[in-house]
Amino acid sequence: TACYFVSVLFTADIISTVEFNYSGDLLATGDKGGRVVIFQREQENKSRPHSRGEYNVYSTFQSHEPEFDYLKSLEIEEKINKIRWLPQQNAAHFLLSTNDKTIKLWKISERDKRAEGYNLKDEDGRLRDPFRITALRVPILKPMDLMVEASPRRIFANAHTYHINSISVNSDHETYLSADDLRINLWHLEITDRSFNIVDIKPANMEELTEVITAAEFHPHHCNVFVYSSSKGTIRLCDMRSSALCDRHSKFFEEPEDPSSRSFFSEIISSISDVKFSHSGRYMMTRDYLSVKVWDLNMENRPVETYQVHEYLRSKLCSLYENDCIFDKFECCWNGSDSAIMTGSYNNFFRMFDRNTRRDITLEASRESSKPRAILKPRKVCTGGKRKKDEISVDSLDFNKKILHTAWHPMENIIAVAATNNLYIFQDKIN
Amino acid sequence: MLAKGVKRKHGEMEAGEAAAAPAAGGSPAPAAPSDSLFNISMLKLHQSLRHVEPNLRYLVLVANTLRRIQDQMPAEAEAPPPPPGRPPAAPEPPAGPGAAGCPDRRGRPAPEDELLLSSWDASLCASLPGAPEGAEPPGPARPQDAAPPDGEPGGRPDAPRPPHPFFGSLELLGSTGSLLEDSLEDIFEDIDTSMYDCDVWSPTSLAGFKAFSGADEEGEDGGRLDMNDLDYLMDVLVGTHAL
């Protein structure tokens, strides 16, 4: 299917996370400056048939501020590492946003009416002299311009010594987990003054540290099951029913290393940067530096599918190690039906793989292709030999333009792609 | 940490990669690592450890890679003992890249010597392509400039590898992250911290601390000093109480 440009939205700062809510009507971004911007999908509008699929700013608020820890002489970055929506239970929307140390629950609510005709104060807000009031009136509700308010409802702090990399809302809608480099904590959404530690891989002697936690997620349906990935390319599935402290895993997923491709960088490129369950809950997907792997939860010894994202970088690992690009953490996502997966790459390229047809496509999020309803042209990287027209050679790739964060609408083929401080929205059809 | 994707000359890159990674044809064992790869890794490790809270994933990956490199480096039959005149730790940094008197590292160092993070070749570091601007060796007040343990073994390749002191400084973070733990005093013994002595604190700075730590911290202390301890400490510093 084709991919059409819908819109590009500019934020002030580098986008650090992107997430659709459960209905797909809202799209949240977090940025390096600690701000959250929520976009809302345009409603069907007969007079503007092309507007459906567009997202416009709905609410903007400062979620986290920079903090200074005087005892450690350390600045805690306000950068939003992750946003996760809660399922909607009433008119308001709730989301969790986190920086390196503190998770916050935000309530986003609309106000489109105000009360008029108070008894004790007049329209300016000035108090009326009670002795002058001779009659009582019932205030009436009058419409006003829509105001969207965001307020912090819970602050979950002081539970993480190391840097938080993941949060995941449980299917019970009451609890969630937060993971840092060495520990995973379980929280109840109502309780902020304590959390339960469910995974702890900190060695007694820090000099023995060789592995860290890189991502964690709850199973979409089984509220007792979660997975966490490591810097050594392994995934552990844990069942909270089996023990309180889930240091012992129920399942251990690891693909044996291919001896022919072993190099000094083998471990770094095997480090998993993201793990996501499929919507069905039968599979999970992991992203390492060069590939995306789909795992069947019933098969621990190897993935069922492996997709190469940018294999042409394998011969460049030394340079990528030198400039630290090899440490970039790319995310990945499923489409609503789990038939396709998407992940980002360099040069503002992003890749989509169709699991059924095994076809893949490389597209670019760029200003040049940002004309309304323009169709995106597939891109190709030339790895050697004669470069064809429209191909780009590996050495010309811009490694500063990296797409780390992408999101797929839960039901439709609308995707959000974050390229530095630009949020691109694409969809598969035009109206 | 991020630098631009630096374009290197084709020949230069091929040489670096041939030394560092196996050819696409795939020989089972990686070729001997280049000095450059080793030095780059040491530079990254240094820079990471300079942060109060290093990026742990980055640190672990670099350290593990460094171990791999060291394992592959040709072992010395007999490592040269450190020259008698050379101090065990070098807390004073050279004046800058290429400064006169900066120790030059010739030949491949014994792996155990490298673990000590004890010598630094600033001129080498500055000449690395892609090295960040103004790269300089760790300053005097950095915890990782610990003196090497007594009786550290020489370069015997088959001696059991001692636990890496890379992360010794990470232990200092501990679960409280407090820099006021006693174990740190030894490390700072030989360092002149007179310029950092805080004898000009005023009571108002404590109020600032309280406000900044946030009204929303309802949680447990987690090892932080509480206000009473800080008050007492303040009084001691301004001389109201004698220790």
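Remember, it's a predicted structure, so these values are computed and weren't measured experimentally. Reminder, nothing fancy here: chain letters follow the sequence lines and each chain counts from 1.
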Measuring from atom CG of A:D181 to atom OH of B:Y58, what distance do you get when rounded to the nearest 0.5 angstrom? 14.5 Å
Applying ring pair (Phe, Tyr, Trp, His ring centres under 6.0 Å) to A:F61 and not counting sequence neighbours gives A:W106
Between [X] and chain B, with a heavy-atom cut-off of 4.5 Å, which part of the residue counts as in contact: side chain, backbone, both or neither?
X: A:S230; answer: neither
X: A:L182; answer: side chain
X: A:S271; answer: side chain

Answer whether the closest heavy-atom distance between the side chains of [X] and [Y] falls below 4.5 Å.
X: A:S266; Y: B:R68; value: yes
X: A:K232; Y: B:N64; value: yes
X: A:L209; Y: B:L56; value: yes
X: B:L37; Y: A:F265; value: yes

Decide yes or no on side chain to side chain contact (heavy atoms under 4.5 Å, CB included) for B:E53 and A:Y162, but give the supporting numbers first. CA-CA 8 Å; B:E53 275 194 357; A:Y162 304 101; over 6 Å; no
Is A:E211 salt-bridged to B:R57, going by a charged N under 4.0 Å from an acidic O? no
Please name the pair of heavy atoms, one in A:T210 and one in B:V60, separated by the smallest distance, quoted to 0.1 Å. O-CG1, 3.1 Å
Before you tell me yes or no, could you show the steps for B:V52 and A:E75 under side chain to side chain contact (heavy atoms under 4.5 Å, CB included), namely the whole-Å CA-CA distance, both residues' side-chain angles and the distance that decides it to 0.1 Å? CA-CA 9 Å; B:V52 178; A:E75 176 152 332; over 6 Å; no
Would B:K44 count as a cation-pi partner of A:F327, with NZ or CZ less than 6.0 Å from the six-membered ring centre and within 45° of the ring normal? no
Just by distance, no angles: are the side chains of A:Y321 and B:S41 close enough, under 3.5 Å, to form a donor-acceptor pair? yes
